[in-house]
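This report concerns only the one structure given below.
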Amino acid sequence: MRTTLSVVIPVYNEEAGLAALFARLYPALDALGIGYEIVFIDDGSRDRSPALLAAQFESRPDVTRVILLNGNFGQHRAILAGFEHCRGERVVTLDADLQNPPEDIRLLLEAMDQGYDYVGSIRQDRQDSAWRRWASRAMNHLRHRLTRIAMTDHGSMMRAYSRNVVQLINQCNEMNTFIPALAYQFARNPVEVVVGHEARHAGESKYSLYSLIRLNFDLVTGFSLVPLQAFSMLGIVVSLLSGLLFLVLAGRRLVLGPEEGGVFTLFALLFLLVGLALFGIGLLGEYIGRIYQEVRARPRYVINAILERKP
């Protein structure tokens, strides 16, 4: 049967939940009645995840492929490895933690049947902690203001891509990217659908607060120059205000004579300006660091082995 659907799933230390994922994923895809493949990408797991994936390949070699990376390269690079090796005309990405029900894959495919080439998802009744929901809403708002990319829920990786969009993504060679935003730029007719959301079946999230911040830095700096432009405008405003303050203080000295107080006010102003300068240097460093990573042209990931049945 021709492979019309590829499901790409990055895996990192998901030993505790893989059995439940297998038990729900394969029946859900079998029920679709189409030719499919599941491409698991092990992103350098340190538990028994690679062994469990290998055993699942032996159990269902007709529809299972396993890519074993030789280190932890991150979720998005693992997905890019899956995009490079998948064969389906449509590609669905899915997390391995079962927070997005595999049964909802049909909702994405039904939307693609209507002519959409990129289908995002909006998580209904999110089961995450309150601070993660608040942080997600805040970053969604900030991301939209900075990049003008219209994604309601950028944290959901349950998405469907046409083969054309996947091929365009494969042509991009940047080291740090955000796949849903990249696909949105290439899609001719994107849409979003509402999908379910469940508590993690087992284990804990691999995204710490620091990882989420870094991910959003990748999103903002990879798709917008607005932060640099905004800081340039802020620098102009601060310079004008500083010049005005100098004129006011100089005029006051000429008219009223030297002032005895005001030292702490000047110190506060100095600290403010120094803080702004350090923030600007850090922001500039984010962009320069990404340029440095790109010009080194190192591989985005290294594959250790691929378990697959040759077509």
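Heavy-atom basis, side chains included; hydrogens, waters and symmetry copies ignored. Quick caveat, the model's predicted, so the values are computed rather than measured.
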CA sep, side-chain torsions, deciding dist, call: Ile122, Val195, side-chain contact (heavy atoms from CB on, under 4.5 Å): CA-CA 6 Å; Ile122 304 171; Val195 299; over 6 Å; no
Check the pair Leu108 / Val193 against side-chain contact (heavy atoms from CB on, under 4.5 Å), numbers first and verdict last. CA-CA 7 Å; Leu108 278 64; Val193 299; 3.9 Å; yes
Please assess Leu80 against Thr177 for the test side-chain contact (heavy atoms from CB on, under 4.5 Å), listing each intermediate value before the final yes or no. CA-CA 10 Å; Leu80 290 173; Thr177 191; 4.2 Å; yes
Show, in sequence, the C-alpha distance, side-chain angles and deciding distance for Asn100 and Arg123, and conclude whether the side-chain contact (heavy atoms from CB on, under 4.5 Å) test is met. CA-CA 8 Å; Asn100 291 125; Arg123 292 171 288 185; 3.9 Å; yes
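By the 4.0 Å N-to-carboxylate-O rule, Arg106 lies too far from Asp104 to be salt-bridged with it. The pair Arg90-Asp117 does not meet the salt-bridge criterion, since no charged nitrogen lies less than 4.0 angstrom from a carboxylate oxygen. Checked for salt-bridge contact, Glu89 and Arg2 meet the test: a charged N lies under 4.0 Å from a carboxylate O.
At least one donor-acceptor pair closer than 3.5 Å links the side chain of Thr4 to the backbone N or O of Gly35. Using a distance-only test at 3.5 Å, with no hydrogens or angles considered, no donor-acceptor pair links the side chain of Tyr118 to the main chain of Gln185. A donor-acceptor contact shorter than 3.5 Å is absent between the side chain of Ser121 and the backbone of Val194. Without hydrogens or angle criteria, Arg87 side chain to Glu37 main chain gives no donor-acceptor distance under 3.5 Å.
Scanning both residues, Ser6 and Gly88, for their nearest heavy atoms gives OG-N, 2.7 Å. Minimum heavy-atom separation, Ser45 to Tyr12: OG-CA, 3.3 Å. Taking both residues in full, the closest heavy atoms of Val92 and Ala160 are given as CG2-CB, 3.9 Å, listed atom of the first, atom of the second, then distance. Residues Ala96 and Glu14 share a closest heavy-atom pair of CB-CG, 4.0 Å. Ala187 and Val165 get closest at one heavy-atom pair: CA-CG2, 4.2 Å. Listed here is the closest heavy atom pair of Phe73 and Val302: CZ-N, 3.4 Å.
Using bins of under 30°, 30° to 60° and over 60° for the plane-to-plane angle, the ring pair His76/Phe178 lands in the tilted bin.
With sequence neighbours excluded, the residues that form a ring-ring contact (aromatic ring centres under 6.0 Å, His included) with Phe22 are Phe40. Under the side chain to side chain contact (heavy atoms under 4.5 Å, CB included) criterion, Ala28 pairs with Pro102, Glu103, not counting sequence neighbours.
Asp30 places none of its side-chain heavy atoms less than 4.5 Å from the side chain of Leu32. Looking at heavy atoms from C-beta onward, Ile41 lies in side-chain contact with Val39 at the 4.5 angstrom threshold. Between Glu192 and Tyr116, every side-chain heavy-atom pair lies at or beyond the 4.5 Å cut-off. Within the 4.5 Å cutoff, side-chain heavy atoms of Arg309 are placed close to those of Asp62. The side-chain heavy atoms of Val66 and Leu68, taken from C-beta on, include a pair separated by under 4.5 Å. Side-chain contact between Arg163 and Val91 is present, with at least one heavy-atom pair separated by less than 4.5 Å. Side-chain contact between Leu182 and Tyr184 is absent, with no heavy atoms from C-beta onward closer than 4.5 Å. The side-chain heavy atoms of Val7 and Leu29, taken from C-beta on, include a pair separated by under 4.5 Å.
Rounded to the nearest 0.5 angstrom, Asp95 CG and Ser156 OG are separated by 7.5 Å. Taking CG from Leu25 and CD1 from Ile105, the interatomic distance works out to 5.5 Å, rounded to the nearest 0.5 Å. Here the OG1-CZ distance, from Thr3 to Arg65, works out to 8.5 Å after rounding to the nearest 0.5 Å. Separating the CG atom in Leu94 from the CE atom in Met157 is a distance of 10.0 Å, to the nearest 0.5 Å. With rounding to the nearest 0.5 angstrom, the CD1 atom of Ile179 is 10.5 Å from the SG atom of Cys172. Leu21 CG to Leu98 CG: the interatomic distance, rounded to the nearest 0.5 Å, is 5.0 Å.
Applying the 6.0 Å contact sphere to CZ of Arg24 captures more than 12 heavy atoms from other residues, nucleotides or ligands.
Counting only residues at least two apart or in different chains, salt bridge (Lys or Arg N to Asp or Glu O under 4.0 Å) contacts with residues 38-58 comprise Glu15-Arg48.
Counted by atom type alone, Tyr26 and Thr64 present one or more donor-acceptor pairs between their side chains at under 3.5 Å.
Both Tyr36 and Leu307 belong to a single network of hydrophobic side chains, linked directly or stepwise wherever heavy atoms of I, L, V, M, F, W or Y lie under 4.5 Å apart.
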